[in-house]
Structures are given as structure tokens and as C-alpha cells.
Amino acid sequence: NSDDSYSTHPSRNKRLNALKIGFQKAKNQSSQKNYKTKEGIALEYFYKGLDKVNRKDKIGAIADFNKSLEFDNNNPEVYYNRGMLYAYEDDYAAISDFSNAIKLNPNEIYGTYYWNRGVSKNRINDINGAISDYDKSISLKITNDKYVNRAFVYRCRAGVKSKLKDFYGAISDITKAIELDPNDGGLYYDLAYNKFYLNDFVGACQDARKAQKLGYDASSIIKNACN
């Protein structure tokens, strides 16, 4: 599923490593003063929550994120990570948390807050809201780096456009995604799918064969477009 993935999110490790460095500095300063600030306690609960996420203790993680917010409700990462846990089961709660994260850090450089809010909006059928969030996510960081794959966001937006039967718009986004990630067979499958609905059977066949070559099962489109 290209919408989102908590444990393998491309930007997650870089962002958390930066936070951990700051947390360690704050912890050292706090121990030197022999007391804990509210912000320090909040960070301790935050990292306990992240540890529980890694151990797949979702309920425990949410409880720790809740405690973190009791001590400091100004850390966007706490809202974001709790929102990721709410996503799929309660997208309204996830949207609320992503929105709080955005309020606290509207220009988060990886665009993940907007991206994941868009995913949740798509699932509750807020199509225009989803597209708007994907647009904003893309605008914050268009180029790839080792931590962020913009192709995912273009693919998400293409999926919404396809749902709206804007097949040309979907093809445009998928083409951009392929430029960023040319070895993803799923992207060629999506391209073939949209071309098929535009009756471009030659193009659909070519893209479906490319998807198949890259290891993505496109046999259904090959069967219907390549005859």
C-alpha cells in the first residue's frame, strides 16, 4: 500500500535521530541542574512511546504519547506519531492529530504531516481535502533525498485523481513519480490502469509489461489490453 507505512516511513529515522540528539542534550542539562523540566518529562514519555511502537505495543504507545502531551502539548512530533497510530482505525482522530502537528510546524520540511492527513482524508472520502494536502506536501519538498520518496506522494495524489476519473491528471502524477522512482513496478501498473480507462490499449499494454518485468503482477491488464 503506497498510502503510508508507519514503521518504514522514509523520513522517520532522520527526524527521530535529530529529536533524540536534542533530547539527550536536554536530559544532560536537566541532570546537571538536578531537576526535570516539564518538557524533559514530556520527551521521556515520547521516547517511551516510540519504543513501544517499535515493540508493536500500540495501546501502551498511545498512553505514553497522551502522558507526554499532558506535560507539553507543543511538540508536533507527539501529535504526528499518535496520529499515525490512530490512522486506519479512527481517521477522524488521526486528522485531528495531524492538524495539531501542522499548526505547530506548518512548514515541516518533509511534508509528512500534510501527506498523512491527506491519506486519512481520502479514506473518509474528503477528496478535495486530500488533494489539497497532497499539493501542500509536494510543495514543501519536491525532490527526493535518501529519507523521502516524493514518488509516494505523487502516487497518492494520482490515486485520488483516478477516483475522480481525472485519468489524464493521474497519468501526469504517475509520470512524475516514475521520474523519481523508475524501478517501482507498481507505478507502471498504475500508469497502465489509467491508460486502459482512456482506451489507450497500446500504451496500457506496454506499461503493464514493464510492470510485470519489474516484478509487479499486471497480468489482468496484459490479458485485456495486449490482445
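- The two residues Val119 and Cys156 have their closest heavy-atom pair at CG2-SG, 4.4 Å.
- For the atom pair CD1 (Ile222) and CG (Asp217), the distance works out to 8.0 Å, reported to the nearest 0.5 Å.
- By the 30° and 60° cut-offs, the orientation of the rings of Phe196 relative to Phe201 is perpendicular.
- Under the 4.5 Å side-chain heavy-atom criterion for grouping Ile, Leu, Val, Met, Phe, Trp and Tyr, Tyr86 is connected to Tyr79 within one hydrophobic cluster.
- Remark: the backbone N or O of Gly129 is not paired with any side-chain donor or acceptor of Ser132 at under 3.5 angstrom.
- Ala225 and Ala204 make their closest contact through CB-CB, 4.1 Å (heavy atoms, listed as atom of the first residue, atom of the second, distance).
- The CD1 atom of Ile174 lies 7.0 Å from the OG atom of Ser162; values are rounded to the nearest 0.5 Å.
- Side-chain contact between Asn81 and Phe46 is present, with heavy atoms from C-beta onward closer than 4.5 Å.
- Between Gln212 and Tyr189 there is no side-chain heavy-atom pair separated by less than 4.5 Å.
- In this structure, Tyr113 and Glu77 have side chains that are in contact, with non-hydrogen atoms separated by less than 4.5 Å.
- Under the salt bridge (charged side-chain N to carboxylate O under 4.0 Å, His left out) test applied with Asp64, the options Lys52, Lys58, Arg55, Lys48 reduce to a single match, Lys52.
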>> side chain to side chain donor-acceptor pair (under 3.5 Å) for Asn122 and Lys163? Distances and angles first, verdict last.
In response: CA-CA 10 Å; Asn122 185 27; Lys163 185 185 292 187; 2.8 Å; yes
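- Between the Ser99 side chain and the Ile95 main chain, a donor and an acceptor come within less than 3.5 Å of each other.
- Distance check, rounded to the nearest 0.5 Å: OH of Tyr188 to NZ of Lys210 gives 5.0 Å.
- Atom CG of Asn116 sits about 12.0 Å away from atom CG of Asp97, to the nearest 0.5 Å.
- Looking only at distances, no side-chain donor or acceptor of Asp72 sits under 3.5 Å from a matching main-chain atom of Ser68.
- Distance check, rounded to the nearest 0.5 Å: CG of Asn105 to CG of Asn74 gives 12.0 Å.
- Follow the hydrophobic side-chain contacts under 4.5 Å out from Phe71 and you never reach Phe65; the two are in separate clusters.
- Clustering ILVMFWY residues whenever any of their side-chain heavy atoms sit less than 4.5 angstrom apart, transitively, puts Ile41 in a cluster other than the one holding Leu69.
- When all heavy atoms of Ala151 and Leu187 are compared, the pair lying nearest together is CB-CD1, 4.5 Å.
- Looking only at distances, a side-chain donor or acceptor of Thr175 sits under 3.5 Å from a matching main-chain atom of Ile171.
- The main-chain N or O of Lys223 is found under 3.5 Å from a side-chain atom of Asn227 such that the two form a donor-acceptor pair.
- Asp200 places a side-chain heavy atom less than 4.5 Å from the side chain of Val202.
- Between Arg123 and Asp91 a salt bridge is recorded (basic side-chain N to carboxylate O distance below 4.0 Å).
- Annotation for Tyr216 and Gly185: closest pair CB-C, 3.7 Å, computed over non-hydrogen atoms.
- Hydrophobic clustering (side-chain heavy atoms under 4.5 Å, transitive across Ile, Leu, Val, Met, Phe, Trp, Tyr) groups Tyr168 together with Ile178.
- With a 4.5 Å cut-off on side-chain heavy atoms, Arg209 and Cys226 count as touching.
- Note that CH2 of Trp115 is 10.0 Å distant from CD1 of Ile138, once rounded to the nearest 0.5 Å.
- Nearest approach of Val53 to Ala61, heavy atoms of both residues: CG2-CB, 3.6 Å.
- Counting only heavy atoms from C-beta outward, the side chains of Asn66 and Ile62 approach each other to under 4.5 Å.
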>> Between Leu140 and Asn107, is the side chain to side chain contact (heavy atoms under 4.5 Å, CB included) condition met? List the steps.
In response: CA-CA 7 Å; Leu140 289 173; Asn107 296 312; 4.0 Å; yes
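- Hydrophobic clustering of Ile, Leu, Val, Met, Phe, Trp and Tyr side chains at less than 4.5 Å, counting indirect connections, keeps Tyr197 apart from Ile127.
- Note on Glu179 versus Lys176: no salt bridge recorded, every NZ/NE/NH1/NH2 to OD/OE distance being 4.0 Å or above.
- Of all heavy-atom pairs between Ile221 and Ala208, the closest is CG2-CB, 3.8 Å.
- Using modelled atom types, one side-chain atom of Arg150 and one backbone atom of Ser137 make a donor-acceptor pair closer than 3.5 Å.
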> Step by step, would you call Phe152 with Arg155 a side chain to side chain contact (heavy atoms under 4.5 Å, CB included)?
Replying inline: CA-CA 5 Å; Phe152 287 152; Arg155 190 178 187 185; 5.7 Å; no
